[in-house]
Structure formats: structure tokens, C-alpha cells
Amino acid sequence: MEDPGQLIPVVRSTALVRCNPLTKITMALILMIGALLSIDVVSAGVVLAFSLLGLPATGLDLAATIRRLWFLPAGALLAAWGTAILAEKTGEVVIDFGPLLMTSDSLAAAAAIFVRVLALAIPLIVLVSTIDPRDLADALIQHLRLPEVVVISVLAASRLLGLLVSEWQVLAMARRARGVAGGSLVRRTRSLFGAVFVLLVVSIRRATTLAMAMEGRAFGRPGRTWRRRSSFAVRDVAAVVHSLVVCGTAIGAAHVLGVWNPIIG
């Protein structure tokens, strides 16, 4: 299950992991809508709570999830800080320290932005991390009828990114061993352009080989069959219904508590 190229490793198979990739994308969009329509703590908090409680069902390595998504709370906190400073200063004054002025309403808006950023980002990143690129390519071609050549080309490019980084490191070490990568700034700049040119040539050769392989396997030709079929099951319907329930609960709770603050209207 574990793929070194994934942002977060998948360590075990669950019902959610086995869902169709299009189902996972649909779930992420539904949950994002629940947090996007209004700027308030309640609706975004419900979506965020569901996302955090549902992390074990994703089959992801929870330790790796916490370790690799540390930037999300930091970014959300930065957005909240900017909102607290720039928001309209209404309500009771909470902090008044020289040019720094924060009121109860500006802090409430900052809290809403903090929770909202997390509620928008976490479902998308977590669910996308459970998608196998090959399954996604099959689903896009077989269900959405996207062009085979384009989808497979993008899939191949994404799978070769790790190889490209590895080749760049090997090339840099080889040039240092030959004594052509050090020296003055001008020499290092020339060496950089030379390494980029070599890498470009290698990439073009690999792309030519890949294009010939795709042609030999009849990609883009009518009547081609698929070894792996992309299908939907009961678990896909249950997952989408579950996300719709969470989205409706988030919107309903915000209305009931009187904190609904739509971004439009």
C-alpha cells in the first residue's frame, strides 16, 4: 500500500481507501462547500471535526500525517493573525497595545478564518492522499471520457517526477566528481545550465520511448480494452451520502445557532 511518492503513506486498506477516486474527489468538494459558504466557526468547525474524527478511516499513517501537515495550522494561524489585525474593529476592545488593536468581533473573525482554512484544506489533502494515480487515470478515462493520451501522459509525468529528482542529484554528484560544478559564481552558473541541458536531453529521450510504448499499446485508438475496470460500489454511495450529511449538518448548525455569515448576499 505504501508509495514513496505520496504526500502521506497509506499503511492499511479501508473501505474509504477502496472507494473510487471520483468518489473521494466528490466527497472533498462537498465537505469544502460546507465550510466555504459561510465565514463562521460553527459550520467550519463541524466539517473540521468530522475530518479529524474520520482520519483513522482513511488508512493513512497518522504519525506521518501530523508530521507532514504541520504547515496547515501555521498557515491558518498566519491568516487568522492578519484577519485579527485588518478586520473591522467593532465590539469590545480586547487588546490595545499601541498600533495593535483587536476587538471581540475581529478576534471572532480571526477564529472563524483559522478553523475555515483547516476545514477547507484537510479534507482535500487527506482524501487526495489516498488516491492511487493509476486508479484516478482509469476513472477519468472510463467514466468522464477524457482523452486517453492526455490522461496517461499526465499520469506518466507525475510518476516520473521522483525519477527526475533522483537523476538531478546523480548528475550533480557526477559533475562535482569531475570538478566541473564548483569554483566561482560564473562557473557554477555555467555548470547549472549545462546540467539542465543534459537533463532536458534525457527527458526528451525518455518521452520519445514512452510515446512509442503508448503507440504500441494502442492508447487513443478506438476499441481498446482495459485490464483494470473502474467501478462504483455501495461503499461509494455511502461515502457520498455521509459527506452530504456532514455538509447539511454544518450548514444547519450554523443557522440554528444564528452565526450563519454567507460569503454571498
Side-chain angles (χ1 to χ4, degrees), residues 1-3 5-38 40-69 72-73 76 115-146 151 154-155 158-159 226-256 260 263:
M1 295 295 296
E2 186 171 351
D3 185 352
Q6 289 181 310
L7 174 63
I8 307 173
V10 179
V11 295
R12 62 189 179 89
S13 179
T14 64
L16 182 59
V17 173
R18 293 191 297 270
C19 283
N20 192 281
L22 297 181
T23 300
K24 299 174 186 179
I25 295 176
T26 302
M27 288 181 61
L29 293 178
I30 292 174
L31 294 176
M32 291 174 63
I33 289 175
L36 185 65
L37 293 180
S38 173
D40 64 84
V41 176
V42 176
S43 60
V46 171
V47 174
L48 179 60
F50 164 77
S51 302
L52 296 179
L53 292 176
L55 279 178
T58 61
L60 299 176
D61 187 341
L62 297 183
T65 302
I66 297 174
R67 184 171 60 254
R68 299 184 183 185
L69 297 185
L72 289 180
V115 178
R116 190 167 181 251
V117 170
L118 294 179
L120 288 171
I122 289 180
L124 179 62
I125 294 177
V126 167
L127 288 173
V128 169
S129 298
T130 65
I131 295 178
D132 188 308
R134 296 167 298 179
D135 295 336
L136 178 59
D138 292 338
L140 292 176
I141 295 172
Q142 297 177 29
H143 297 297
L144 299 186
R145 306 300 180 185
L146 296 184
V151 174
V154 174
L155 170 64
S158 66
R159 303 295 285 181
W226 292 91
R227 182 176 65 87
R228 303 192 316 167
R229 300 297 303 177
S230 177
S231 60
F232 295 97
V234 176
R235 59 177 174 266
D236 295 280
V237 178
V240 173
V241 170
H242 198 179
S243 60
L244 288 173
V245 170
V246 173
C247 180
T249 302
I251 296 175
H255 276 95
V256 169
W260 180 255
I263 59 175

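Throughout, numbering of the chain's residues begins at 1 and tracks the sequence. The figures here come from the full heavy-atom set of this structure, side chains too, leaving out hydrogens, waters and symmetry mates.
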Gap between atom OG1 of T58 and atom CG of L16 - 0.5 Å precision: 6.5 Å

Close side-chain approach of D40 and W260, heavy atoms under 4.5 Å: yes

Side-chain donor or acceptor of R116 paired with backbone N/O of A35 under 3.5 Å: yes

Close side-chain approach of H255 to S38, heavy-atom, < 4.5 Å: no

Shortest non-hydrogen separation from T130 to L127 and the atoms involved: OG1-O, 2.6 Å

Mutual orientation of the aromatic rings belonging to F50 and H242 [parallel < 30°, tilted 30-60°, perpendicular > 60°]: perpendicular

Reported CD1-to-CG distance for the pair I125 and L120, which is rounded to 0.5 angstrom: 10.5 Å

Exam field: side chain T14 to backbone A57, donor-acceptor pair closer than 3.5 Å: yes

With P123, the side-chain contact (heavy atoms from CB on, under 4.5 Å) member among I30, L31, L29: L31

Non-hydrogen atoms of P56 and L62 that approach each other most closely: N-CD2, 4.5 Å

Value rounded to 0.5 Å, distance of CG in L244 from OG1 in T249: 10.5 Å

Partner residues of R235 under the side chain to side chain donor-acceptor pair (under 3.5 Å) criterion, sequence neighbours left out: none

Atom pair CG/SG of L36 and C247 - distance to nearest 0.5 Å: 10.0 Å

Side chains of I131 and I25 in contact at under 4.5 Å (non-hydrogen atoms): yes

V151: which of L136, L146, L144 passes side-chain contact (heavy atoms from CB on, under 4.5 Å): L146

Short side-chain donor-acceptor distance under 3.5 Å, D135 and S230: no

Interatomic spacing from CG in L22 to CG in D236 - rounded to 0.5 Å: 9.0 Å

Heavy-atom closest contact (V10 atom, S129 atom, distance): CG2-O, 3.8 Å

Heavy-atom pair of closest approach, residues N20 and H143: ND2-NE2, 4.0 Å

Heavy-atom closest contact (A250 atom, V47 atom, distance): CB-CG2, 3.9 Å

Closest contact, heavy atoms only, C19 versus K24: O-CE, 3.4 Å

Spacing of I8 atom CD1 and L60 atom CG [to the nearest 0.5 Å]: 5.5 Å

